[in-house]
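Chain A is the first sequence line, chain B the second, and so forth, proteins listed ahead of strands; every chain is numbered from 1.
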2 protein chains.
Amino acid sequence: MPSHKFDRFDRKLLEALQTDGRVPNTDLAEGIGLSPSPCSRRVRLLEESGVIKGYSAILDQEKVGLGLTVFVDIKVERHQEKEAEAFCEAVSVLPEVVMAHLVSGESDFLLQVVVPDLRAYKEFLTNTLLKLPGVRDIRSNFAIQTVKPQSPLPLIHLPG
Amino acid sequence: MPSHKFDRFDRKLLEALQTDGRVPNTDLAEGIGLSPSPCSRRVRLLEESGVIKGYSAILDQEKVGLGLTVFVDIKVERHQEKEAEAFCEAVSVLPEVVMAHLVSGESDFLLQVVVPDLRAYKEFLTNTLLKLPGVRDIRSNFAIQTVKPQSPLPLIHLPG
DNA sequence: AATAAAATTAGCGAATAACACCAATCTTCT
DNA sequence: AGAAGATTGGTGTTATTCGCTAATTTTATT
């Protein structure tokens, strides 16, 4: 299923870049046991093929004033193609929604919502979420404690 | 609650670095309307104060062969301090668990698990999750479609 | 209370150092 | 023999540091 053949260098490289997306190419090369030129070529190829989608700064949620994370279960009206798509589109655009999936199980959609506090969530829920097209039921599960923050993907099955 | 006073420069800066964590300082500076030196100083301060926790490459989950995302609801035995901590510790260490929260609502914990396929999940569930200390009940919700991938934090309430 | 001096803060611009990138050639491993 | 890495050298870009200046706040003194 991987649309790319990876070897041990790619694997090490991707792991290193997930851990520190800003590591200089020279350091990265040394870290994975390669000289700078082929290392930088590999990175470029991985970027061009879309394996590396981009780079991002990881922020401390608390310290930027976003103290509340809510996992929102949403049930929608029996999905008609169009309605479902409209719902997805509407959800994708909301900045407070930092992740959204169509899921199996009790609910239809699972959203991860990040806001400053409970007051802000109340407002977001009533003014935005409840007004989304086709919503039938919403259940809010509040994050009480972060056991493990968003972490690198497990590249365990790759070679190397 | 923000442990830092942000102005409009910081806000623009954090937004830019969330969107492209590898943008050169000169470009970043121009983008936020500042000259390179104060821009790089601000970035450094934000890093040192922990507001910026780090940088990471964003990978294409499919293309690295991780086609399956599962949201796992876990109920545990009536938490004793020790047991709860043991559970959290055990969960944090698992590479397949890319996010974990203690939550309100039906279940106690919500885990985001990433694996290559259903076969791998079955193995992970039976060999690892079900053997975690104090687990009472596990419900697996499979991601059928990614509506919105993990996205930048909404810095809407910051000044500027 | 008002003014002046001092300290703090933050931005700018120039110089130096680090790094990335590219091309060409040589080497190694299969 | 071919594919991929190492090495070298040159070039342009980028980062970092320094001293300087402007604006604001604080403190001291009259």
Using whole Å, what does the distance between atom [atom2] of nucleotide [N] and atom [atom1] of [X] come to?
| X | N | atom1 | atom2 | result |
| --- | --- | --- | --- | --- |
| A/Arg22 | C/dA18 | CZ | C1' | 15 Å |
| A/Asp7 | C/dT30 | CG | P | 14 Å |
| A/Arg44 | C/dC22 | CZ | C1' | 10 Å |

Pairs under 3.5 angstrom only: tabulate donor-acceptor contacts from the side chains of residues 114-125 of chain A to other protein residues two or more places apart or in another chain.
from	atom 1	to	atom 2	distance (Å)
A/Asp117	OD1	A/Arg119	N	3.3
A/Asp117	OD1	A/Ala120	N	2.8
A/Arg119	NH1	A/Glu123	OE1	3.2
A/Tyr121	OH	A/Ser140	OG	2.6

Test side-chain contact (heavy atoms from CB on, under 4.5 Å) applied to B/Thr19 - qualifying residues, sequence neighbours left out: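 By the side-chain contact (heavy atoms from CB on, under 4.5 Å) rule, B/Thr19 matches no residue at all.
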Residues in side-chain contact (heavy atoms from CB on, under 4.5 Å) contact with B/Tyr55, at least two apart in sequence or another chain: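 B/Tyr55 satisfies side-chain contact (heavy atoms from CB on, under 4.5 Å) with A/Asp20, A/Arg22, A/Ala57, B/Leu17, B/Val43, B/Glu47, B/Ile52 once adjacent residues are dropped.
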Any B/Asp73 side-chain heavy atom under 4.5 Å of B/Leu110 side chain: yes
Crowding at CZ, A/Arg136 (>12 non-hydrogen neighbours, <6.0 Å): yes
A/Arg8, CZ atom: more than 12 neighbouring heavy atoms under 6.0 Å: no
End-to-end axis angle, where each axis spans five pairs of the helix from C/dA1-D/dT30 to C/dT30-D/dA1, to 10°: 40°
A/Phe142 ring center within less than 6.0 Å of A/Phe71 ring center: no
B/Thr69 and B/Gln112 side chains, donor-acceptor separation under 3.5 Å: no
Contact boundaries on DNA chain D for chain B, cut-off under 4.0 Å to non-hydrogen atoms: D/dT14 to D/dT17
Pair B/Lys12 + B/Asp7: basic N to acidic O under 4.0 Å: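 Salt bridge between B/Lys12 and B/Asp7, a charged N being under 4.0 Å from a carboxylate O: no.
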Side-chain (B/Lys148) to main-chain (A/Ser92) donor-acceptor, under 3.5 angstrom: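 Confirmed, B/Lys148 side chain pairs with A/Ser92 backbone.
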Nucleic acid contacts - residues 24-42 of chain A versus DNA chain C, non-hydrogen atoms under 4.0 Å: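 Of all residues in residues 24-42 of chain A, the ones placing a heavy atom under 4.0 Å from DNA chain C are A/Pro24, A/Asn25, A/Thr26.
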